[in-house]
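Some notes on the structure that comes next.
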Amino acid sequence: MRPTSHPQSALRHPLTRLLGTEAQVRVLRVVLSSEIPIGVADLARRAALQASGVARVCTRLEYLGAIEAVGRGTRHRQYRRAPRGPLVAQLAALFADERARAEGIFERLRRAVRLATTPIRAAWIEGPVAAGADQPGDPLVIGMLVEPAVADRARRQLE
């Protein structure tokens, strides 16, 4: 995407730059969710990004004041949340809410399987959500292992 012809104020709209790319959001999500400093290689693995790209993103986020480098040298540099970065505490809270929402959905599914009166031998998530490639509005596809005679009843109970 080309740069806009009328950039927004960094003071008035800091999120424009902090959340400017998906890579920046992924790196922020990992760093702001970690209680300890994290190295570039581990950060790249957790964010599912290339280490070379993560290093560039970290440099940018450090410049913006969202994260800070700790340690000496560039080879073993680690990053942590900046103590006074713009909106860092609020972003960390949003990422925590995001994680809690997803875990809540999975826990409700586990509970529904446990409490079902129809014997469900196994249940799993499949499709785009399982692959981590879902888009907004995609359905949550649940697979179940049940006796054929009770399949419809088990489906209704999980719905």
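Both Val25 and Tyr63 sit in one connected hydrophobic cluster of ILVMFWY residues. Membership requires side-chain heavy atoms under 4.5 Å apart, directly or through other members.
Residue Tyr79 holds its OH atom at 4.5 Å from OG1 of Thr59, rounded to the nearest 0.5 Å. Here CG of Leu61 is found 7.5 Å from OG1 of Thr21. Values are rounded to the nearest 0.5 Å. Annotation: the span from Leu115 atom CG to Arg108 atom CZ amounts to 13.5 Å, rounded to 0.5 Å. Here the straight-line distance linking atom CG of Leu49 with atom CD of Glu22 works out to 8.0 Å at 0.5 Å rounding.
Side-chain contact check for Arg46 versus Ile38: some heavy-atom pair is nearer than 4.5 Å. In this structure, the side chains of Leu94 and Leu32 stay at 4.5 Å or more apart for every pair of heavy atoms.
Counting all heavy atoms, side chain and backbone alike, Leu18 lies closest to Ala66 at CD2-CB, 3.4 Å. Closest heavy-atom contact between Val31 and Arg80: CG1-C, 3.6 Å. The shortest heavy-atom contact between Ala23 and Val57 is CB-CG2, 3.8 Å.
For residues 129-148, every residue pair satisfying the side-chain hydrogen bond (donor to acceptor under 3.5 Å, both in side chains) rule, not counting sequence neighbours, is listed here: Arg121-Glu147.
For Glu62, there are no side chain to side chain donor-acceptor pair (under 3.5 Å) partners at least two apart in sequence or on another chain. Qualifying side chain to side chain donor-acceptor pair (under 3.5 Å) partners for Arg60, counting only residues two or more places apart in sequence or in other chains: none. Applying the side chain to side chain donor-acceptor pair (under 3.5 Å) criterion to Arg101, with sequence neighbours excluded, gives no partner residue. Residues meeting the side chain to side chain donor-acceptor pair (under 3.5 Å) test with Gln78, sequence neighbours left out: none.
Shown here is Ile36, whose CD1 atom has no more than 12 heavy atoms of other residues, nucleotides or ligands within 6.0 Å. Counting heavy-atom neighbours within 6.0 Å of Gln50 CD, excluding the residue itself, gives a total of 12 or less.
When atom types are taken as modelled, the side chain of Ser34 and the backbone of Val30 share no donor-acceptor pair closer than 3.5 angstrom. Panel note: side chain Arg26, backbone Ala48; a donor-acceptor pair is recorded below 3.5 Å. A donor-acceptor pair under 3.5 Å is absent between the side-chain atoms of Glu68 and the main chain of Ala82, judged by distance alone. Looking at Gln157, its side chain does come within 3.5 Å of a backbone N or O of Thr117 through a donor-acceptor pair.
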Subject >> Stepwise side chain to side chain contact (heavy atoms under 4.5 Å, CB included) check, Leu28 with Ile67 >> reply: CA-CA 8 Å; Leu28 279 171; Ile67 64 175; 4.3 Å; yes

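Using a 4.0 Å cut-off between a side-chain N of Lys or Arg and a carboxylate O of Asp or Glu, Glu159 and Arg156 do not qualify as a salt bridge.
Residue Ile105 is found in a hydrophobic cluster whose other members, listed by chain and number, are Phe106, Leu109, Val113, Ile120, Ile125, Val129, Leu140, Ile142, Met144, Val146, Val150, Leu158; membership requires side-chain heavy atoms under 4.5 Å apart, directly or through intermediates.
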